[in-house]
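Contents: one structure, followed by commentary.
Computed from a predicted structure; not experimentally measured.
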Amino acid sequence: MWYRNIRENCANNCACGLGADSCDGVSGCVCNYGWIGSRCDQDVDECQTLSVVQECQNKNAKCINFPGNYSSTVRLAINRIPAICADTDECLDFPCSQTCENFPGGYRCLCNRGFTLDNEGNCKGTTNLRRSFGAFSVVADEDECALPTTNRCQQQCINTIGSYFCHCNQSGYELDNDGFSCTARVKCGNNTCPSLNGGCSVVNGTDTCFCNSGYYYNQTINNCTQQVLNWCQLADCQYNCSEIQELPRFQCQCPDGYLLNDDKKTCRMCAAGNYGQNCSSNCTCDAQNTVNCSNVDGTCTCKTGWNGTNCDIDIDECAQSLPTSCVANSTCSNTNGSYLCVCNTGYQKLTDGNCTECTNNTYGQNCSHQCQCNLDNTVSCDHVSGNCTCKLEWEGATCDTDIDECVTNTHNCSEQKEICNNTVGGYDCTCKDGYHKDSYGICEQCANNTFGTNCSHQCQCNFTNTDSCDHVSGNCTCKLEWEGPTCETDIDECVTNTHNCSEQKEICNNTVGGYDCTCKWLSQGFYGICEQCTNNTYGQNCSHQCQCNLDNFVSCDHVSGNCTCKLEWEGPTCETDIDECTTNTYNCSDPHETCNNTVGGYDCLCVDGYQKDSSGICEQCANNTFGTNCSHQCQCNFTNTDSCDHVSGNCTCKLEWEGPTCDTDIDECVTNTHNCSEQKEICNNTVGGFDCTCKDGYHKDSYGICEQCTNNTYGQNCSHQCQCNLDNFVSCDHVSGNCTCNIKWEGPTCETDIDECTTNTYNCSDPHETCNNTVGGYDCICVDGYQKDSSGICKPCASGNFGTNCSSDCTCAAENTVNCSNVDGTCTCKSGWNGANCDQDIDECGQSPPPSCVANSTCSNTDGSYMCVCNPGFQLLPDETCTELAQIPLALTLNGSLRYSEEELENKSSDAFQNMSAEIIREYKLTVFYLFSSLDSGDVSAFTYPVCRI
């Protein structure tokens, strides 16, 4: 405990606690590192500060707080003999001059700032330290004024043993109450500085605003603003950082495609097969066809020959616009992820890679088939199909069938002279009847009145009457005057009309081998020529007189005596009158005239319905008359009649009437001759007419036109009001009042909501959406485990959330869990844990069978795992086997590079001891050191206590 008078006139006594470094004459107790409070008696828990938390995380060490300081310890397995190891708290014997800190197996002495331990382990040479072994020989006061980390004086610093104090050495200034700052003795004049957490001081004669420690001066608003510690700035995250309320007050985040390392600061790329935020998404790429899956967004980079979102679609290289080039006589054949150049059918691949045509009577794919052709009868075998090309005389699939050249007309026998006779593999030509072979073997026609096969028959014709004898059949071709098989029968030229007598004037008389011509009913002239009869005579030698009526004829025929009559007469002697009206040989030019026959002529009379006027022109009947010469009166009811036919007297009625005299009313509604609108009106018949009345669903407007009902009315004259729900309907039928509902409603009055989710009439396209019916519609909501992002797309719940709209928090113990199901919050535990929340450790050692451990070791359960611990009396060797313990000297390992045995450290004047002391001071500059108690051999195999650099 420090006691010293402080402040003005030294009126106050110091009463500093265990953590005080010194008592300042102005400000009172000055605390050592690790202590706070006006009396320096409140320990600082360094394990709750950011820098220490980070330090221990980086070293994978556990932070242990103790009064005035802390340690980060990596605990090693210590083989102990059960029930004999118990730590002794050496600090209870007050071995240190200032501060003592106990730890298992030893203790350490701590000196206040400005002091170091001497060779006896005392601060500034105080009483000797009772120890088991080891001490450090360093006695030197630290000059705080020379250290920028400890010198807080504004003007002059004066060092003292174990401390320092500040002094204002500039004229006009005095030491401020904080014991460090110098303030001008002249007070501020017009003080506008903030009074809260700050004030005003005169600096070099100028009013200057200042702020208390922990605040900074904001000149813009003339305010002392509290300094806020930026935890993320101190955190040194590799990527992103956010501040949190819990320790260590920050949380590092990795970008998509990366996962936070165990140091909680740096990030590592997602393992193969995962991507996205926290590597929580599984790649969907087809692994065999993929170069890699993007760790950021899962995009698949496909191997050559594949494409598609998941690299599962084969690229048909052969179908591309610029297909892969293959050698001649080969074709590109697509394969999964690649292609092959396959020799075309009928070709085989050589060692140089080229495709050549099949040889040695082979054919087909890779020339793997043997041709089946009869080689003696074959020209070639097709290298593609194996089809045989036969010699001219053969046919069939294998050229085994003889071709009948005579049937197929592929011979060269003379069609005129020769006959083809088929032979095996060929044919012969023999002479036809009427031909024989000459000395050269050529078929020549028969001569010398011979005929038939090989000209072996003699012709039987009368050669006097014959032109020729047929060399094939022996038939005789007779001269013109003869006929018969042998040309011995005379032809009657008069009968066969093969004479040249004048048919008009002469008669043919047959003679043997000829004929004569004599005159017909004519006279033979001077030169023996037959002349025509004259003077109304006719017949043989003009010996008959014509009998025609000379007044009515034109001429008499000189051969037959037949009469040719004038136009008006007919009959054998032209005595019969011709009816020009019947024969249509009259000329009545008026279109309303008709022909009337007379003896030797005809008259033109008016047709019925017409009569001749004074000019002889036929005019139509008038004044309701009709018929021949308009001599009849029409009988029509002229009130109901449009016209009376002038020919027949038939009545043409007005539209509303019918009947022979137009006395019968027409029902226009029945005959559909009204003009009522079929859509809107109904026809009602009246005498001589009809009326149109509106149908149901229509009413007459101010112009008398039927218009469709409006304003939700319907029925006859639109007298009824529709009962549809006006908010839910499209239209009301103007005739029946039936409601046509909006697509979301149904029922007679459109008051029943349609459940689109049940009727499958919804449109929720996102694969993670489901339909939720609402009144008059539906919503597309995300299924459990998903929630919509700002674009309205359902995304999986963020890590730690699950259920509907990701509104539930996972209860899994995060450090023991592989993942929490985003759907129902089910925890998938890491190996070594189970339970609904993965918070129940699995005792692997208690399982049957237990885990296998090496000889001389025992399974020891740990949280989430187990370890194999060497049995008492055994130690773990580097090859992870347990061997029986021998006495091992106690050693101190420093910074992983120096090792000192107990014997070396026992002699404090030894080089080892001096080197260790210098190494600690040089490397660590600590006022903390560790002492280790001697333990019986076998109690401890080795201790290594990491030292935190402060």
With distance as the sole criterion, is a donor-acceptor pair present between the side chains of Asn535 and Thr537 under 3.5 Å? no
Would you check if Asp590 and Ile617 make a side-chain contact, meaning some heavy-atom pair closer than 4.5 Å? yes
One should read off an interatomic distance between Ser677 OG and Lys695 NZ, to the nearest 0.5 angstrom, of 7.0 Å
A quick test of your reading: do over 12 heavy atoms of other residues, nucleotides or ligands sit less than 6.0 Å from CG of Asp438? yes
Does Asn637 reach the side chain of Trp657, with side-chain heavy atoms less than 4.5 Å apart? no
Check against side chain to side chain donor-acceptor pair (under 3.5 Å), Asn684 and Thr693: CA-CA 7 Å; Asn684 298 303; Thr693 58; 3.2 Å; yes
For Gly688 and Asp665, the nearest pair of non-hydrogen atoms, with its separation, is N-OD1, 2.7 Å
Glu707, CD: over 12 other non-hydrogen atoms inside 6.0 angstrom: yes
Is the closest side-chain heavy-atom distance between Leu567 and Thr585 below 4.5 Å? no
If I take atom CG from residue Asp490 and atom SG from residue Cys478, how far apart are they, to the nearest 0.5 angstrom? 11.5 Å
More than 12 foreign heavy atoms under 6.0 Å from CG of Asp613: is that the case here? yes
When you check the side-chain N and O atoms of Thr331 and Asn344, is any donor under 3.5 Å from an acceptor? yes
Enter the distance from Glu483:CD to Thr496:OG1 here, rounded to the nearest 0.5 Å. 8.0 Å
Judged by atom type as modelled, is there a donor-acceptor pair below 3.5 Å linking the side chain of Gln460 to the main-chain atoms of Gln458? yes
Starting at OG1 of Thr594, measure out to OH of Tyr586 and round the result to the nearest 0.5 Å. 6.0 Å
A quick test of your reading: do over 12 heavy atoms of other residues, nucleotides or ligands sit less than 6.0 Å from CD of Glu415? no
Run the salt bridge (charged side-chain N to carboxylate O under 4.0 Å, His left out) test against Glu593 and tell me which residues pass, sequence neighbours left out. Lys612
Go through it in stages, so that I can follow the logic: the residues are Asp603 and Thr598, the test is side chain to side chain contact (heavy atoms under 4.5 Å, CB included), and I'd like the CA-CA distance, side-chain angles, deciding distance and then a yes or no. CA-CA 7 Å; Asp603 290 331; Thr598 62; 3.6 Å; yes
What class does the angle between the rings of Tyr435 and His471 fall in, given that below 30° is parallel, 30 to 60° is tilted and above 60° is perpendicular? perpendicular
Let me know which of Cys662, Cys636, Cys634 forms a disulfide bond (SG atoms under 2.5 Å apart) with Cys651. Cys636
Considering the options Asn500, Thr498, Asp492, which one meets the side-chain contact (heavy atoms from CB on, under 4.5 Å) requirement together with Tyr515? Asn500
